[in-house]
> 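Sharing a structure here in structure tokens format.
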Amino acid sequence: MDTKLTDQFSGLPKFLVQQKLLAAGDVQKHIDEAKKKKLSIISYLVSNKLIDAHKFASLASASFGMPLLDLNAMDTLHFPSKVVSEKLILQHHALPLFKRGNKLFIAISDPTNFQAQDEIKFHTRLHTEAILVEEDKLAKLIESLLEASDTSMKDMLDGDLDNLDITGGEEEPKAVDRDSDIDDAPIVRFVNKVLLDAIKKGASDIHLEPYEKNFRIRFRADGILSEIASPPAALANRVISRIKVMSKMDIAERRVPQDGRIKLQLSKNRAIDFRVNTCPTLFGEKVVLRILDATAAQIGIEKLGFEPEQQRLFLSAINRPYGMVLVTGPTGSGKTVTLYTGLNILNSTEVNISTTEDPVEITVEGINQVNMNVKAGLTFAEALRAFLRQDPDIIMVGEIRDLETAEIAVKAAQTGHLVLSTLHTNDAPQTLNRLLQMGIPAFNIVSAVNLIMAQRLARRLCEHCKTLSNFPDNILLGAGYAQDQLKDLVVYGPVGCDKCTNGYKGRVGIYQVMPISEKMRELILNGGNTLELAKLSLAEGYNDLRASGLLKVKQGVTSLEEVDRVTKE
């Protein structure tokens with residue numbers, strides 16, 4: 001062994017080299033990698049299978065004179081609970097095993113981890129004695145115990161609610177926000193876990209619903225609601241109070257709806273916002289949290305679900321210097337993400353982009369975003385008037401709801417500005433009639449509107465488990481396929497596996513992209529109705545929502561049942 005190489009290390013790294021568990025030349029590289037991943041050197045080496053956990057523990061026990069214990073032989077039910085906080089357990093990778101009198105025995109996998117003993121001694125005011133255990137077993141046990149403490153809320157709380165370390169109800173938020181007491185409280189951990197689980201599962205909304213005899217928590221993932229937890233009904237007020245405190249609401253007011261926001265910093269580069277709304281019901285306040293992820297608008301236009309020609313038409317419309325682009329569809333159909341994907345393409349230092357929304361859901365640097373505030377007199381119309389006095393190039397209006405907003409938006413589109421907005425109609429042709437019903441003259445519509453898009457979001461079939469579906473010809477013909485399309489048609493359906501939810505994973509957009517052609521302008525000026533506009537659009541080769549959905553089925557992206565669900569009239 002090269003003594004010069006071993007002499008440059010001390011403590012545990014030196015021991016690893018001396019015992020020939022690691023080559024001296026590799027030690028510094030492993031130390032640096034462990035630091036990057038914020039792991040101890042032992043955790044890093046064992047997790048990456050660079051050393052054998054049992055062999056290391058046996059050698060370390062003999063060399064450092066520490067007792068070695070097999071964690072698999074321990075009964076976790078007898079571990080002392082709440083003696084050491086979860087924060088300390090995770091920080092020092094140390095687990096309390098048992099307590100005798102004034103002495104606490106803790107399991108560690110690193111025999112040189114003296115800091116763990118000192119800090120646990122300081123926080124618990126107990127004398128500590130370390131027992132050496134195998135790293136892989138310790139890591140697995142810590143993970144399972146902390147997971148159990150978070151997920152078994154019903155078992156923990158069905159018993160004595162009065163003894164829980166939690167503050168809620170009518171008390172002031174300051175009483176709930178004490179760092180010293182509340183960090184380890186079960187309610188706080190439970191709420192945090194619900195928020196994180198929703199993000200991990202890609203949910204768009206969280207529903208917390210109190211009823212007379214139960215309390216239900218549901219996630220909306222891929223457009224479908226599913227129940228994920230049912231804590232005891234007695235906990236409803238406490239959980240809801242915690243969320244109200246986090247979102248800066250008045251926890252004493254339960255008679256009227258309230259709005260708030262929560263910001264969750266996941267990392268230095270990623271934060272998730274939650275838009276929170278409460279609504280008083282018979283048995284308490286229902287809370288809905290909308291998850292607002294700014295990264296949703298940065299997924300790229302290629303991943304939205306446009307067909308090549310539809311994408312070309314959309315890009316052509318938003319790159320024009322003036323005119324109006326309208327996106328229509330029900331709530332939750334992805335209109336905002338589509339518009340922001342377009343704005344991200346246009347966002348540069350050469351243009352002035354301003355948006356007004358109710359409320360702003362996706363924040364983007366470089367875009368001037370305004371929250372609508374009706375109580376203060378800041379309506380869509382007022383914000384639009386202000387924008388037009390601020391030298392705009394591109395304007396985005398969250399929704400055209402009334403004649404005043406529609407008139408200003410149309411005027412802006414006619415006077416050299418690009419205007420993007422949304423409406424709530426079922427398809428693209430109906431949008432033109434909606435503007436006429438609002439009171440916008442036909443000649444203003446044809447001179448301002450460049451493109452109308454209707455859209456829906458359909459669930460994507462899971463690539464790991466989708467299977468062939470055998471539909472008889474009469475069903476496929478009834479669905480909308482032509483006879484000549486049946487020959488080479490392959491249709492897939494959902495199955496369900498551990499990588500998806502009921503056979504689906506993620507969503508894809510289904511679009512009707514309708515540019516306003518010269519023939520369509522003539523038809524609008526001549527008083528054409530919705531049916532005539534729809535027929536002309538099809539005759540010009542632009543698919544309606546149903547045809548676009550059937551194309552996605554043919555491509556194996558989604559199922560026929562899913563297209564029926566999102567496009568049925």
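Note that the coordinates shown come from a computational prediction; the quantities given were computed from them, not determined experimentally. When a residue number appears, it is its place in the shown sequence, counting from 1.
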> Do you know which of V188, V191, V276 makes side chain to side chain contact (heavy atoms under 4.5 Å, CB included) with M246?
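Single side chain to side chain contact (heavy atoms under 4.5 Å, CB included) partner of M246 among V188, V191, V276: V191.
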> Verify the neighbour count for atom CG of N470: are there more than 12 heavy atoms of other residues, nucleotides or ligands below 6.0 Å?
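Not more than 12 within 6.0 Å, no.
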> Please identify each residue that fulfils salt bridge (Lys or Arg N to Asp or Glu O under 4.0 Å) with K103, with sequence neighbours left out.
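Result, salt bridge (Lys or Arg N to Asp or Glu O under 4.0 Å) vs K103: E129.
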> Considering non-hydrogen atoms only, spot the tightest contact between L292 and V360 and give its length.
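Looking at all heavy atoms of both residues, the shortest contact is CD1-O, 4.4 Å.
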> Do other residues, nucleotides or ligands put more than 12 heavy atoms under 6.0 Å from the CG atom of D250?
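Counting neighbours around CG of D250, more than 12 heavy atoms of other residues, nucleotides or ligands fall under 6.0 Å, so yes.
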> Do F219 and V194 have side-chain heavy atoms sitting under 4.5 Å apart?
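Yes. Closest side-chain heavy atoms under 4.5 Å.
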> Does any N or O in the side chain of T128 come within less than 3.5 Å of the main-chain N or O of Q117, such that one atom is a donor and the other an acceptor?
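Yes: the side chain of T128 pairs with the backbone of Q117.
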> State, to 0.1 Å, how close E135 and A53 come at their nearest heavy-atom pair, and which atoms those are.
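Heavy atoms only, the tightest pair is N-CB, 4.2 Å.
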> Would you say the side chain of F15 lies within less than 4.5 Å of the side chain of T112, judging by non-hydrogen atoms?
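They are not in side-chain contact.
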> Not counting sequence neighbours, which residues clear salt bridge (Lys or Arg N to Asp or Glu O under 4.0 Å) with R290? List them please.
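Partners of R290 by the salt bridge (Lys or Arg N to Asp or Glu O under 4.0 Å) criterion, ordered by chain and then number, come out as D205, E361.
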> Using the side-chain hydrogen bond (donor to acceptor under 3.5 Å, both in side chains) definition, which of the options H30, K29, Q28 pairs with D32?
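Option passing the side-chain hydrogen bond (donor to acceptor under 3.5 Å, both in side chains) with D32: Q28.
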> Where do S43 and S40 land on the side chain to side chain donor-acceptor pair (under 3.5 Å) test, with the steps shown first?
CA-CA 5 Å; S43 296; S40 71; 3.0 Å; yes
> Do E307 and Q555 pass the side chain to side chain donor-acceptor pair (under 3.5 Å) test, and can you show the C-alpha distance, the side-chain angles, and the key distance before you say yes or no?
CA-CA 11 Å; E307 298 303 325; Q555 293 165 353; 3.2 Å; yes
> Mind checking what makes salt bridge (Lys or Arg N to Asp or Glu O under 4.0 Å) contact with D273, not counting sequence neighbours?
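Expected list: R261, K263.
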> Where do R242 and R238 land on the side-chain contact (heavy atoms from CB on, under 4.5 Å) test, with the steps shown first?
CA-CA 6 Å; R242 172 61 189 165; R238 298 186 181 195; over 6 Å; no
> Measure from the side-chain N and O atoms of S469 to the backbone N and O of G493, and report whether any donor-acceptor pair falls under 3.5 Å.
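The answer is yes, because a donor-acceptor pair under 3.5 Å joins these two groups.
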> Is a side-chain donor or acceptor of Q455 paired with a backbone partner of Y511 at a separation under 3.5 angstrom?
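Between the backbone of Y511 and the side chain of Q455 there is no qualifying donor-acceptor contact (under 3.5 Å).
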> Any sub-3.5 Å donor-acceptor pair from D222's side-chain atoms to G506's backbone N or O?
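Yes, because the side chain of D222 sits within donor-acceptor range (under 3.5 Å) of the backbone of G506.
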> Look at atom NE2 of H127 and say whether more than 12 heavy atoms of other residues, nucleotides or ligands are closer to it than 6.0 Å.
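At most 12 heavy atoms, drawn from other residues, nucleotides or ligands, come within 6.0 Å of this atom.
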> With K505, which residues qualify under salt bridge (Lys or Arg N to Asp or Glu O under 4.0 Å), at least two apart?
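K505 satisfies salt bridge (Lys or Arg N to Asp or Glu O under 4.0 Å) with no residue once adjacent residues are dropped.
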> Between T278 and M249, is the side-chain contact (heavy atoms from CB on, under 4.5 Å) condition met? List the steps.
CA-CA 9 Å; T278 67; M249 295 183 188; 3.6 Å; yes
> Any side-chain heavy-atom pair from L343 and Y340 closer than 4.5 angstrom?
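Result yes, sub-4.5 Å side-chain heavy-atom pair found.
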> So do the side chains of S226 and K201 get within less than 4.5 Å of each other, counting heavy atoms only?
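Side-chain contact under 4.5 Å: no.
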> Strictly below 4.0 Å, N to O, side chains only: are E227 and R218 in salt-bridge contact?
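A salt bridge is absent here (no side-chain N lies under 4.0 Å from a carboxylate O).
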> Got V133 and I108 here, is their nearest side-chain heavy-atom distance under 4.5 Å?
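Not in contact.
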> Is K121 reaching over with its side chain to a backbone N or O of L104, donor-acceptor style, under 3.5 angstrom?
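Flag not set: sc K121 to bb L104 has no pair under 3.5 Å.
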> Might you work through the side-chain contact (heavy atoms from CB on, under 4.5 Å) test for L289 and L195, ending with a clear yes or no?
CA-CA 9 Å; L289 298 91; L195 299 184; 3.9 Å; yes
> I'd like to know if the side chain of Q258 and the backbone of N277 have a donor-acceptor N/O pair within less than 3.5 Å.
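A pair under 3.5 Å: no.
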> Salt bridge or not between K140 and E134? Use side-chain N to carboxylate O under 4.0 Å.
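Judged by the 4.0 Å cut-off on N to carboxylate O distance, K140 and E134 do not form a salt bridge.
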> With heavy-atom distances below 4.5 Å as the criterion, would you say the side chains of L22 and I51 are in contact?
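Yes, close enough: below the 4.5 Å cut-off.
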> Sequence neighbours left out, what pairs pass salt bridge (Lys or Arg N to Asp or Glu O under 4.0 Å) with at least one residue falling in residues 55-73?
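Output for this query lists D70-K137.
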> So which atom in L235 and which in I187 form the shortest heavy-atom distance, rounded to 0.1 Å?
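Where L235 meets I187 most closely, the heavy atoms are CD2-CD1, 3.9 Å.
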> List the atom pairs, donor and acceptor, that lie under 3.5 Å between side-chain atoms in residues 58-67 and the rest of the protein, sequence neighbours left out.
| residue | atom | partner | partner atom | Å |
| --- | --- | --- | --- | --- |
| S58 | OG | H54 | O | 3.0 |
| S61 | OG | M66 | O | 2.5 |
| S63 | OG | L59 | O | 3.0 |

> Taking the six-membered ring for Trp and the single ring otherwise, decide whether the centroids of F283 and Y211 are under 6.0 Å apart.
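No, too far apart.
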> Mark yes when over 12 heavy atoms from residues, nucleotides or ligands other than F105 sit less than 6.0 Å from its CZ; otherwise mark no.
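Yes, enclosed.
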> Determine yes or no for a side-chain-to-main-chain donor-acceptor pair under 3.5 angstrom, with S204 supplying the side chain and R220 the backbone.
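At least one qualifying donor-acceptor pair exists.
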> Does a salt bridge link E253 with K244, judged by any charged N lying under 4.0 Å from a carboxylate O?
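No, no charged N to carboxylate O under 4.0 Å.
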> So among K552, K466, R459, R507, which one has a salt bridge (Lys or Arg N to Asp or Glu O under 4.0 Å) with E562?
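For E562, the salt bridge (Lys or Arg N to Asp or Glu O under 4.0 Å) test succeeds with only one of K552, K466, R459, R507, which is R459.
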